[in-house]
Peer 1: 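Can you read through this structure? Questions will come right after.
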Number of protein chains: 2
Amino acid sequence: MLQYRKMSTMPRLAKNYRLVFDVVRKQGHGRHLATADVFRLVKRRRVGIGFTTVYRALAKLRDLGLISEIHLPGADSAYYEPAGDAHAHFRCDLCGSVKDIAYVPSKRVVAQLAQSNAIEVNDVILSLHGRCVSCRERESA
Amino acid sequence: MLQYRKMSTMPRLAKNYRLVFDVVRKQGHGRHLATADVFRLVKRRRVGIGFTTVYRALAKLRDLGLISEIHLPGADSAYYEPAGDAHAHFRCDLCGSVKDIAYVPSKRVVAQLAQSNAIEVNDVILSLHGRCVSCRERESA
DNA sequence: CTAGAAACTGAAAACCGTTTTCAGTTTTAG
DNA sequence: CTAAAACTGAAAACGGTTTTCAGTTTCTAG
């Protein structure tokens, strides 16, 4: 996947694209924003912006490899995070919060599965589902 | 997850529910039907049936644990398969076909991830994405 | 600078899978 | 049989996302 490790090699982005990128990037790795969260945060900095523009910015940033778009079973919208190394995601069934999980199935295992199933695997997506710390605490109270 | 291994213990289903169940079950394990596929096949056996009824039947069968509802990144609708043992799925990016993959991350690894992230994991969902055999053949021609 | 091309914008409408509402009809339990 | 519960299909609603439209802004030659 295309990625820009240095700012200097990154294509110049239109102002709004830059703004959307900053909002997603500011969360830092490990934080995740649903599309609605991105809207909300972007609107704080540029009140009049239309949701069409935000959608288009997210799509472009995703195509440029600057951010990752995540689709999780049970979630009704996409989530976004700064592009980075592959990892799994955890989503809380109760509050919907999403958290990075530092794990990927080994390349060897995936290659083996690809071979035995005669498929070409370009992407492996792993998600965990259950209850997050705060929801567990709240429930036990 | 609730499951009925013997027909005798399975709740009696209304005719339409039975029909939807048969359509999904007939595919056998390893085959997958998008919602639209289920409609199409069900309509062949009962022309007048409404899509509302099919949706409701799929939801009920899913709640009864008789079928599994699958949501895959990149797919625009749900897929259904007869309930069975946990496994991963492969989805072809080109034709959208879905195939079972006999693999689940080890319980030990998942337990370890749950502990180190302070989460309670109730479900693990793994999907592979790429090109299936027939699409690869077609492309190389 | 200027003219034209290319990129970008926001409102509104379209889209599409799915869920809900409504007004019944059918099935089940007693 | 009768009342409650379950089921039905058409139509409308829903919600996230994409497309269309009619411009406006930005970039690139010249």
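Just so it is clear, the values below take in all heavy atoms, side chains as well, and ignore hydrogens, waters and symmetry mates. Residue numbers begin at 1 in each chain, while the letters A, B, ... track the order of the sequences.
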Peer 1: Expressed as a whole number of angstroms, how long is the span from A:L13:CG to D:dC27:P?
Peer 2: 12 Å

Peer 1: With a 4.5 Å limit on heavy-atom distance, are the side chains of A:I101 and B:I119 in contact?
Peer 2: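 Answer yes - side chains close enough.
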
Peer 1: Is A:H87 reaching over with its side chain to a backbone N or O of A:D85, donor-acceptor style, under 3.5 angstrom?
Peer 2: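 Here the side-chain-to-backbone pair exists.
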
Peer 1: Please tell me if B:Y55 has a side-chain N or O lying less than 4.0 Å from either OP1 or OP2 of C:dT18.
Peer 2: yes

Peer 1: Output the rounded distance in Å from CZ (B:F39) to C1' (C:dT19).
Peer 2: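 Result: 12 Å.
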
Peer 1: Using side-chain hydrogen bond (donor to acceptor under 3.5 Å, both in side chains) as the criterion, point out the one residue from B:K99, B:H129, B:E81 that pairs with B:H89.
Peer 2: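 The passing option is B:E81.
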
Peer 1: How would you label the contact of A:A36 with the nucleic acid (heavy atoms, under 4.0 Å): base, sugar-phosphate, or nothing?
Peer 2: nothing

Peer 1: Keeping the roles fixed (side chain from B:R62, backbone from B:Y80), state whether a donor-acceptor pair exists under 3.5 Å.
Peer 2: no

Peer 1: Has the side chain of B:R25 got a donor or acceptor atom that lies under 3.5 Å from a matching backbone atom of B:L66?
Peer 2: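 Looks like no, no N/O pair under 3.5 Å.
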
Peer 1: Please report the distance, rounded to the nearest Å, between NZ in A:K60 and C1' in C:dA7.
Peer 2: 8 Å

Peer 1: Whole-Å distance between C:dG17 C1' and B:L33 CG?
Peer 2: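 So the two atoms are 16 Å apart, to the nearest Å.
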
Peer 1: Counting any heavy atom closer than 4.0 Å, what does B:Y17 reach on the DNA or RNA strands: base, sugar-phosphate only, or nothing?
Peer 2: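 Here B:Y17 touches the backbone only, sparing every base.
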
Peer 1: Can you tell which of C:dA12, C:dT19, C:dG10 lies closest to the side chain of A:T53?
Peer 2: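 The listed nucleotide nearest to A:T53's side chain is C:dG10.
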
Peer 1: Give the nucleotide from the list C:dG10, D:dA12, D:dG16 with an atom nearest to the side chain of A:R46.
Peer 2: C:dG10

Peer 1: Send over the distance from B:L19 CG to D:dC7 P, rounded to a whole Å.
Peer 2: 15 Å

Peer 1: Can you measure A:E69 atom CD to D:dG16 atom P for me and round it to whole angstrom units?
Peer 2: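 After rounding, the gap between these two atoms is 15 Å.
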
Peer 1: Of the candidate nucleotides D:dT19, D:dT8, C:dT19, which contains the atom at the shortest distance from the side chain of B:R56?
Peer 2: D:dT8

Peer 1: Are B:L94 and B:F90 connected, step by step, through hydrophobic side chains (Ile, Leu, Val, Met, Phe, Trp, Tyr) whose heavy atoms are closer than 4.5 Å?
Peer 2: no

Peer 1: CZ of A:F51 versus C1' of C:dG10: gap in Å, rounded?
Peer 2: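 Answer to the nearest Å: 9 Å.
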
Peer 1: Let's see if you can work this out: which of D:dT17, C:dG17, C:dT9 has an atom nearest to the side-chain heavy atoms of A:N16?
Peer 2: C:dT9

Peer 1: Report the end-to-end axis angle of the helix from C:dC1-D:dG30 to C:dG30-D:dC1; each axis comes from five terminal pairs, and the value is rounded to 10°.
Peer 2: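 End axes: 30° apart.
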
Peer 1: Whole angstroms only, please: what is the CD1-P distance between B:I70 and C:dT18?
Peer 2: 13 Å

Peer 1: Counting only side-chain heavy atoms from C-beta out, which of D:dG9, C:dT18, C:dA12 sits nearest to A:T52?
Peer 2: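 So the nucleotide nearest the side chain must be C:dA12.
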
Peer 1: Of the options D:dT19, D:dG9, C:dG17, whose atoms approach the side-chain atoms of B:I49 most closely?
Peer 2: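 Among the listed nucleotides, the one closest to the side chain of B:I49 is D:dG9.
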
Peer 1: Counting any heavy atom closer than 4.0 Å, what does A:A78 reach on the DNA or RNA strands: base, sugar-phosphate only, or nothing?
Peer 2: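 Result for A:A78 = sugar-phosphate.
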
Peer 1: Starting the side chain at C-beta, find the nucleotide from D:dT17, C:dT18, C:dT9 nearest to A:S77.
Peer 2: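 The nucleotide sitting nearest to the side chain is D:dT17.
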
Peer 1: Are the side chain of B:T35 and the backbone of B:A78 linked by a donor-acceptor contact shorter than 3.5 Å?
Peer 2: yes

Peer 1: Taking A:Y79's backbone N and O only, do any of them form a donor-acceptor pair with A:H32's side chain (distance below 3.5 Å, no angle check)?
Peer 2: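 Not a single qualifying donor-acceptor pair exists.
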
